[in-house]
Amino acid sequence: MSDSVRVRFAPSPTGIPHVGNIRTALFNWLFARHYKGSFILRIEDTDVTRKVEGAAEAIFDSLTWLGLDWDEGPGVGGDYGPYFQSQRLEIYQDIAKRLVEGGYVYFCYCSPQRLEEMRREQMKRKQPPGYDRRCRDLTEKERTEFEAQGITPVVRFRMPLEGQIKFQDLIRGEVVFEAATLDDFVLLKSDGYPTYHLANVVDDHLMRISHVLRADEWLSSTPRHIQLYGALGYVPPQFAHLPMILGSDRAKLSKRHGATSLMEYQKQGFLPEAVVNFLALLGWSLDDKTDIISREELVANFSIERVGKAGAIFNHEKLAWMNGMYIRKLSTEEMVQQVMPFLEVGLPKTVTRPISPDYFRQIVPLLQERVRVLGEISELADFFFVEELDYDAELLHKKGMDREGAIAALWVSRERLEACPFDAASLEGVLRPLAAELGLKTGALFGLLRVAVTGRTAAPPLFETMAALGKDRCLKRIEAALARLK
RNA sequence: GCCCCCAUCGUCUAGCGGUCUAGGACGCCAGCCUUUCAAGCUGGAAAUCAGCGGUUCAAAUCCGCUUGGGGGCACCA
């Protein structure tokens, strides 16, 4: 199989790609890389009316972000281009002509209004909606009459009226459809553009695609494609219909499911490696225990045989957990690189920019195991950057400690700290004994100082935090806390 | 409505006739660690394997039916 594998990701630029689309791309990519085949990107822009500006770029960006590089397609070229279907119109028209000559198709002059009305009728009678084949056997005369009226026809495929259409799906096994339940679908629209069915089949053949891995939603159009391949004298590729990724309501992913666009995950601070890992495990598994798996291992082990059949709900919680796992694996340098952009946009405007990387390098290790999604970073770390802390004075004398006690403790602490070198070890050497001296539990003193210095009750370890903040800032904040208590 | 697909803890999944009183992970709960929060570690609750019939010495695993869920049914992809 190795030398012949050519797979493709063929999205239509009608919107920003969501995780479901990209999961399909990922499986194709993994399949190609596993068998050392080719991964082809083809843009199926045959619907002029639904084309969305910037969608193609969003597709490129999404794939690039995840590191799903394509061997042929926009930007890289290839021997089977062009890779935009809108640039291949003549090809489809030629093929359609061939089909006309072969009698596999016919011209249909039915107006959209009539078709719509027909479907409404069918629905009302609880009949399956589908083209009633009115134009299937038009006489020469009827045809010329319609032509004389200036109607531009569409080209429809002549489906068999009876019999079964069978095909082997690599994931579903044998799938059988009754031909009688399938209607004559459109191949060429009246604007001269091909429909998905025509363009997709033609291009998959012309581009020598060996395996079509696509979402399950395509399963029911596969028998049509099989017929088309037959009429064209093409050998169909192998099909593998991937289980769908579902929203929390178990329905097909759509805009109404909230943040599903892939780029949104980038914006929120997910790492591409984590997303790849997570997406790969949605519908595929290595074994009974592997959760964290590298791209290399995925490529080495990916196989269609281990792709499941049931749809999978996209679980944000688990993705967030996994992202945290990947964040913790980052080196300090990598973490600084990753986090900087998020701080730039997330920190209040009052913080002076640019943020010093040196300062930041000190605090990054304190944050690294406390973050799951990079976008959380500024909220978690803002006290390292802002000048004025804003918090409720009551936090300073919460449990067990009264106002006077807090004032006294802060006062002494300030005094001792003044003479203390500001590294974590020295700070601990001074503050731990101080707690005993004051007759306070360490937790009480440290908690008090934590609030004074960070403005919150939950923060990174106190000594490291104080060391990073520096003596000046800490003393000033303790003074501010004292003032707040008065 | 018609056609097709699917069905193991709330979620993602392992399981491909006996090793399953069903394993792992997320989340949840508890304990440990600990200056808080995390992280980490340990333990726990959580699935009568959708139901019912078969086949078989033996079924989560094979078959059928039912139910439930999903997808498709455009001059959209």
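Throughout, a chain's letter reflects where its sequence line sits, starting with A, and its residues are numbered from 1.
In this structure, A:Leu138 and A:Phe107 have side chains that are not in contact, with every pair of non-hydrogen atoms separated by 4.5 Å or more.
Geometric assessment of A:Arg23 against the ring of A:Phe27 yields a positive cation-pi assignment under the 6.0 Å and 45° thresholds.
When both distances must be under 3.5 Å, the Watson-Crick or G-U wobble mate of B:U67 is B:A7. Applying the Watson-Crick and G-U wobble criteria (two distances, each under 3.5 Å), B:C73 pairs with B:G1. Pairing partner, B:C16: none, since no Watson-Crick or wobble contact has both distances short of 3.5 Å.
For the P atom pair drawn from B:G10 and B:C2, the interatomic distance equals 32 Å after rounding to whole Å. Remark: the separation of the P atoms in B:A7 and B:A14 is 10 Å, to the nearest Å. B:G27 and B:C9 have their C1' atoms separated by 12 Å, with the value rounded to a whole Å. Only the C1' atoms considered, B:U8 is 6 Å distant from B:A47, to the nearest whole Å. A distance of about 14 Å separates the P atoms of B:A25 and B:A45, rounded to the whole Å. When the C1' atom is used for both B:G24 and B:G68, the distance is 27 Å, rounded to whole Å. Nucleotides B:A77 and B:G69 have their C1' atoms positioned 24 Å apart, rounded to a whole Å. When the P atom is used for both B:C5 and B:C16, the distance is 25 Å, rounded to whole Å.
Here B:A77 presents its C1' atom at 16 Å from CZ of A:Phe84, a figure rounded to the nearest Å. Protein atom CG of A:Leu246 is 11 Å distant from nucleotide atom P of B:G72, rounded to whole Å. Whole-Å rounding puts the A:Asp287 CG to B:C16 P distance at 13 Å.
In summary, A:Asp45 and A:Arg50 do not engage in a salt bridge, as defined by a charged side-chain N under 4.0 Å from a carboxylate O. Of the charged side-chain nitrogens involved, at least one lies within less than 4.0 Å of a carboxylate oxygen, so that A:Arg114 and A:Asp132 count as a salt-bridged pair. Ion pair A:Arg158/A:Asp137 flagged as a salt bridge, since at least one NZ, NE, NH1 or NH2 atom sits closer than 4.0 Å to an Asp/Glu carboxylate oxygen. A salt bridge does not link A:Asp216 to A:Lys252: none of the charged side-chain nitrogens sits closer than 4.0 Å to a carboxylate oxygen.
Looking at heavy-atom distances under 4.0 Å, A:Met244 makes contact with sugar-phosphate atoms alone, never a base. Across all strands, A:Thr14 comes closer than 4.0 Å to no nucleic acid atom at all (heavy-atom distances). Contacts of A:Thr181 with the nucleic acid, taken as non-hydrogen atoms under 4.0 Å apart, involve only primed sugar atoms and P, OP1 or OP2. Across all strands, A:Phe463 comes closer than 4.0 Å to base atoms (heavy-atom distances). In this structure, A:Cys110 reaches the bases: a heavy-atom distance under 4.0 Å links it to at least one base atom across the strands shown. Within 4.0 Å of A:Arg328, counting heavy atoms only, lie sugar-phosphate atoms of the nucleic acid but no base atom. Counting any heavy atom pair closer than 4.0 Å across all strands shown, A:Pro243 reaches no nucleic acid atom. Nucleic acid contact for A:Pro194: sugar-phosphate only, since backbone atoms but no base atoms lie under 4.0 Å from a heavy atom of the residue. A:Thr49 comes within 4.0 angstrom of nothing in the nucleic acid, heavy atoms only. Among the protein residues, A:Lys189 comes within range of the nucleic acid bases, having at least one heavy atom under 4.0 Å from a base atom. Among the protein residues, A:Pro461 comes within range of the nucleic acid bases, having at least one heavy atom under 4.0 Å from a base atom. Within the nucleic acid shown, A:Gly308 has no heavy atom closer than 4.0 Å to any nucleic acid atom. Residue A:Arg156 is in sugar-phosphate contact alone, with no base atom involved, counting any heavy-atom pair closer than 4.0 Å across all strands shown. Looking at heavy-atom distances under 4.0 Å, A:Val154 makes contact with a base.
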Distances for protein N or O near nucleotides 26-31 of chain B N or O, under 3.5 Å:
residue	atom	partner	partner atom	Å
B:C26	O2'	A:Lys318	N	3.3
B:G27	OP1	A:Arg372	NH2	3.2

Expected rows: protein N/O vs nucleotides 4-8 of chain B N/O, under 3.5 Å:
residue	atom	partner	partner atom	Å
B:C5	O2'	A:Arg172	NH1	2.9

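When the nucleotides B:G1, B:U35, B:G69 are ranked by their closest atom to the side chain of A:Leu462, B:U35 comes out on top. Nearest to the side-chain atoms of A:Arg306 among the listed nucleotides B:A77, B:A14, B:G40 stands B:A14. The side chain of A:Ile313 has B:U11 as its nearest neighbour among B:G71, B:A77, B:U11. When each of B:C76, B:C3, B:G70 is scored by its nearest atom to the side-chain atoms of A:Arg250, the top-ranked nucleotide is B:G70. Across B:G1, B:C75, B:A77, the shortest atom-to-atom separation from the side chain of A:Pro128 is found for B:G1. Looking at the side chain of A:Tyr196, the nearest of the listed nucleotides B:G1, B:G71, B:A77 is B:A77. Distance from the side chain of A:Ala312 is smallest to B:U13 among B:U36, B:U13, B:C73.
Between A:Phe446 and A:Phe463, the angle of the ring planes goes over 60°, which puts this pair in the perpendicular group of the 30/60° scheme.
Partner of A:His197 under the ring pair (Phe, Tyr, Trp, His ring centres under 6.0 Å) criterion, out of A:Tyr229, A:Trp218, A:Phe185, A:Phe157: A:Phe185 alone.
Distances shown here put a side-chain N or O of A:Arg119 below 4.0 Å from the OP1 or OP2 atom of B:C75. Distances shorter than 4.0 Å separate some side-chain N or O of A:Lys252 from OP1 or OP2 on B:G72. For the OP1/OP2 pair of B:G1 and a distance below 4.0 Å, the side-chain nitrogens and oxygens of A:Lys124 include no atom meeting the criterion. Within the 4.0 Å cut-off from OP1 or OP2 of B:U35, at least one side-chain nitrogen or oxygen of A:Arg432 is found.
The local environment of CD in A:Gln164 is crowded, with over 12 non-hydrogen atoms from other residues, nucleotides or ligands closer than 6.0 Å.
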- Message: A:Phe314 vs A:Tyr265, test: ring pair (Phe, Tyr, Trp, His ring centres under 6.0 Å). Steps then yes/no.
- Response: CA-CA 13 Å; A:Phe314 191 92; A:Tyr265 287 91; 5.7 Å; yes

- ring pair (Phe, Tyr, Trp, His ring centres under 6.0 Å) between A:Phe360 and A:Phe384, worked out: CA-CA 9 Å; A:Phe360 192 59; A:Phe384 279 113; 8.9 Å; no

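Rounding to the nearest 0.5 angstrom, the gap separating the CD1 atom in A:Ile226 from the CZ atom in A:Phe177 is 10.0 Å.
A donor-acceptor pair under 3.5 Å is absent between the side-chain atoms of A:Glu174 and the main chain of A:Lys166, judged by distance alone.
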